[in-house]
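Here is the naming used below: chain letters follow the sequence lines, and residue numbers restart at 1 for every chain.
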Amino acid sequence: MSTIRTRFAPSPTGFLHVGGLRTALYNYLLAKKESGSFILRIEDTDQSRKVEGAMENLIETLHWAGIEFDEGPGKEGEFGPYIQSQRLTTYQHYAHRLVEEGRAYYCFCTPERLEEVRRKQIAQKINPSYDRRCRSLTKEETVQRRKAGETFVIRMKVPFEGELTFNDIIRGEVTISYGILDDQVILKSDGYPTYHLAVVVDDHLMKISHVIRGEEWLSSTPKHVLLYQYFRWELPRFAHLPLLLNPDKSKLSKRQGDVAVEDYRLKGYLKEALVNFVAFLGWNPGDEREIFSLGELVKDFSLERVGKSGAVFNIEKLDWMNFEHLRRKPDTDVLCMLKEKLASSPFAGKHFTDAYLLSVIGAMRERVTFVRDFLEKSPYFFQAPSDYDADVVKKRWKKESPLHLKQLVEEFSALENPKKEEYEAALHRAAESLRIKNSELIHPLRLAVSGIGAGPGVFDILFILGKEETLRRINSAIKELSAAMALPK
RNA sequence: GGCGCGUUCGUCUAGCGGCUAGGACGGAGCCCUCUCAAGGCUUAAACACGGGUUCGAUUCCCGUACGCGCUACCA
């Protein structure tokens, strides 16, 4: 079997879309699974839509996701260049070859005439399509008009009748009759090819074995197949991926949420989670595993298991996957990310030792979905509470709490370099001498040291904070909360 | 409008003629418990509709409905 070569061929018109990420991923997965090559090709044949810096951004985002290409811009292989605007003469050559072989023709119709034709057709309720006027131009006439400097395009000839069937790995046989196909423009008047010509020429020249792309291309595939036939080139295998959808089932779009990979990256999603999630939008391994690394995806991926129907982009599941991937990460990796987060936080000025941060990570691991949650869910590890959660105060802070905590301070003060268990034993002693339940001490204590009512076990918190800090916080809570309770309602 | 593609719990999906229609996220409940999580257990929740074919259809065929895509000198 010949080697697998796949490609991701985006237009540099903006940020990488999550749908694009999935397309790139599937292409990458298939290539890597079969020890083939994954190519990145930039389809910038529409100058008007070109966005400055978009290509660089695309490349950088793919790199971030861990999807590395074997050939592409900046990584020239034997089939480059990989930017279509740098291959113009190639397309022109092939377009003219088609004309010479009677498979295409010059068309001098102006945009105005085309518009006029379309308008009339719509008025007559016929399907708007090019009326093929220039298809019957004589060779002499064509030569003359070209010589006169008239602008022209090249259109491919589509048979007047009959139908074309092609095979799609995901959808099976798809049949479309020629009747509804237009004499598609393949070379524009500015000398650039349209997508249809460029994609066929490049996929052939770059020896692409599998064309894996979005479903929006399914309808125009017959045009491409026709071109392959005209050129007498071997057909690649086609696989048209189902679309990604908004919660209301419309095509995934801005305004109903974020669509750029960049958006998710900025929100703190792990690349592992986003890649894993996007891979499962339309594919599954056939068993019940759900958490996959890129390498595991490569190992188990197959186009045969890609579904046919569109998938809604469901953030809740993405969040869960982020949680799962975050908690699988080694402590040291999380430490790095946490330090980075800290550096751009209100706690940036403070210094924390790695050992301290590592113990915070250990305590919070199963309570965070994002790295930023370390700061948001347990700010008390980075700063003494400046106020106390009113609901928790109401529920847990009793009028005798200050007295109880004073007893606790006494017990704690006597400890030397206490471990978690020693704090606990000390609290038990305090509770016993006060003749109250442990919990009557624990809850006010948690409130005093953290300011809130949720988090790791209190004794873990105390140990991480250390004795001095613990005592300081208990004392200031006694002061502040007593003062607050003394205030008239 | 025409053509194409699609349709299993709210969501992602398993299923490839015979199943009490399975799993996951999310929801609900219980257990654990100093809180919050995590974990364990339990639970509600789906084959779009109508015809065929067949001993038997979620599964195959045909319609209908709905959704989406394409219908450009955009990709």
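Distances were taken from every side-chain heavy atom of A:His443 (C-beta onward) to each of B:rC5, B:rC34, B:rC70; the shortest belongs to B:rC34. Of all nucleotides listed (B:rC25, B:rU13, B:rG6), B:rG6 comes nearest to the side chain of A:Lys308. Picking from B:rU8, B:rC36, B:rC34 the nucleotide with the shortest atom distance to the side chain of A:Ser309 gives B:rU8. In the set B:rC34, B:rU13, B:rA75, the nucleotide with an atom closest to the side chain of A:Glu43 is B:rA75. Among the nucleotides B:rC12, B:rA38, B:rC70, the one closest to the side chain of A:Ser219 is B:rC70. Of the listed nucleotides (B:rC5, B:rG39, B:rU11), B:rG39 has the atom at the smallest distance from the side chain of A:Arg327. Distances from the side chain of A:Lys249 to the nucleotides B:rU11, B:rC34, B:rC36 place B:rU11 closest. Closest approach to the A:Leu243 side chain among B:rC68, B:rA37, B:rU11 is made by B:rC68 (side chain taken as heavy atoms from C-beta onward). In the set B:rU11, B:rA37, B:rG23, B:rU11 carries the atom at the smallest distance from any side-chain atom of A:Asn314.
When Watson-Crick and G-U wobble pairs are counted only if both distances are under 3.5 Å, B:rU33 pairs with no nucleotide at all. Under the Watson-Crick or G-U wobble criterion, with both distances below 3.5 Å, B:rA38 is left unpaired in every strand shown. The nucleotide B:rA21 finds no pairing partner, because no Watson-Crick or G-U wobble arrangement with both distances shorter than 3.5 Å includes it. Base pairing of B:rG27: its partner is B:rU43, meeting the Watson-Crick or G-U wobble criterion (both donor-acceptor distances under 3.5 Å). The partner of B:rC60 is B:rG52, by the rule that a Watson-Crick or G-U pair needs both atom distances under 3.5 Å. If you check B:rA14 for Watson-Crick or wobble pairing at under 3.5 angstrom, you find it has no partner at all. The base-pairing partner of B:rC66, taking Watson-Crick or G-U wobble contacts with both distances under 3.5 Å, is B:rG6.
Between A:Phe280 and A:Ser177, the residue whose closest nucleotide on RNA chain B is further toward the 5' end is A:Ser177. Annotation: of the two residues near RNA chain B, A:Glu316 and A:Lys420, the 5′-most nearest-nucleotide partner is A:Glu316.
Comparing the C1' positions of B:rG51 and B:rU42 gives a spacing of 41 Å, expressed to the nearest Å. Only the P atoms considered, B:rC25 is 38 Å distant from B:rC62, to the nearest whole Å. The same atom, C1', is picked in B:rG26 and in B:rA44; the two are 13 Å apart, to the nearest Å. For the P atoms, the distance linking B:rG15 with B:rC60 amounts to 12 Å, nearest Å. To the nearest whole angstrom, the two P atoms, one in B:rC12 and one in B:rC3, are 29 Å apart. Atom name C1', nucleotides B:rA24 and B:rU35: the rounded distance is 28 Å, in whole Å. Across B:rC9 and B:rC41, the matching P atoms stand 26 Å from one another, rounded to whole Å. Look at the C1' atom in both B:rG50 and B:rG69: the space between them is 26 Å, to the nearest Å.
In this structure, A:Pro456 reaches the bases: a heavy-atom distance under 4.0 Å links it to at least one base atom across the strands shown. Counting any heavy atom pair closer than 4.0 Å across all strands shown, A:Arg305 reaches sugar-phosphate atoms only and no base atom. Within the 4.0 angstrom heavy-atom criterion, only backbone atoms of the sugar-phosphate kind lie near A:Thr175; the bases stay farther away. Among the atoms of the strands shown, only primed sugar atoms or phosphate atoms (P, OP1, OP2) are found under 4.0 Å from some heavy atom of A:Gly282. Looking at heavy-atom distances under 4.0 Å, A:Lys125 makes no contact with the nucleic acid at all.
Taking the six-membered ring wherever Trp is involved, the centroid distance between the rings of A:Tyr264 and A:Phe313 falls below 6.0 Å. The six-membered or imidazole ring of A:Phe382 lies away from that of A:Phe374, with a centre-to-centre distance of 6.0 Å or more. Taking the six-membered ring for Trp and the full ring otherwise, A:Trp283 and A:Phe301 have centroids separated by under 6.0 Å. Between A:Tyr423 and A:Phe412, the ring center distance clears the sub-6.0 Å criterion. When ring centroids are compared, A:Phe323 and A:Phe370 stay outside the 6.0 Å threshold. The ring of A:Trp217 has its center closer than 6.0 angstrom to the ring center of A:Tyr195.
Residue side chain A:Arg171 does not reach the base of B:rC5 through any donor-acceptor N/O pair under 3.5 Å, judged by distance alone. Checked by distance alone, A:Lys377 brings no side-chain donor or acceptor within 3.5 Å of a matching partner on the base of B:rA37.
Atoms CZ (A:Arg213) and C1' (B:rG69) sit 13 Å apart, rounded to a whole Å. Rounded to whole Å, the distance from CG on A:Leu462 to C1' on B:rU35 is 13 Å. Between the CG atom of A:Leu241 and the P atom of B:rG4 there is a distance of 22 Å, given to the nearest Å. The distance between atom CZ of A:Arg446 and atom P of B:rA37, rounded to the nearest whole Å, is 12 Å. In this structure, the CZ atom of A:Phe313 is 19 Å from the C1' atom of B:rC68, given to the nearest Å. Spacing between atom CG of A:Asn284 and atom P of B:rC16 amounts to 13 Å, rounded to whole angstrom units. The separation between A:Lys317 atom NZ and B:rG27 atom P is 13 Å, rounded to whole Å. Rounded to whole Å, the distance from CG on A:Leu245 to P on B:rC68 is 8 Å.
A:Arg155 and A:Tyr130 share no side-chain donor-acceptor pair at under 3.5 Å.
For the salt bridge (charged side-chain N to carboxylate O under 4.0 Å, His left out) condition, the pairs that include at least one residue of residues 358-384 of chain A, sequence neighbours left out, are A:Arg327-A:Glu366, A:Asp331-A:Arg365, A:Arg372-A:Glu376.
Taking the side chain as every heavy atom from C-beta outward, A:Arg473 and A:Pro385 approach each other to under 4.5 Å.
Classified by interplanar angle (parallel below 30°, tilted 30° to 60°, perpendicular above 60°), the ring pair A:His224/A:His196 is tilted.
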Original post:
For A:Tyr105 and A:Phe152, what are the C-alpha separation, side-chain angles and deciding distance, and is it a ring pair (Phe, Tyr, Trp, His ring centres under 6.0 Å)?
Top reply: CA-CA 10 Å; A:Tyr105 59 94; A:Phe152 66 92; over 10 Å; no
Could you list all N or O pairs between the protein and nucleotides 71-74 of chain B that sit under 3.5 Å apart?
{"from": "B:rC73", "atom 1": "OP2", "to": "A:Arg155", "atom 2": "NH2", "distance (Å)": "3.4"}
{"from": "B:rC73", "atom 1": "O2", "to": "A:Ser189", "atom 2": "N", "distance (Å)": "2.9"}
{"from": "B:rC73", "atom 1": "O2", "to": "A:Ser189", "atom 2": "OG", "distance (Å)": "2.7"}
{"from": "B:rC73", "atom 1": "N3", "to": "A:Ser189", "atom 2": "OG", "distance (Å)": "3.1"}
{"from": "B:rC73", "atom 1": "N4", "to": "A:Cys109", "atom 2": "O", "distance (Å)": "3.3"}
{"from": "B:rC74", "atom 1": "OP2", "to": "A:Lys188", "atom 2": "NZ", "distance (Å)": "3.0"}
{"from": "B:rC74", "atom 1": "O2'", "to": "A:Asp46", "atom 2": "OD2", "distance (Å)": "2.9"}
{"from": "B:rC74", "atom 1": "O2'", "to": "A:Arg49", "atom 2": "NE", "distance (Å)": "3.2"}
{"from": "B:rC74", "atom 1": "O2", "to": "A:Arg49", "atom 2": "NH1", "distance (Å)": "3.4"}

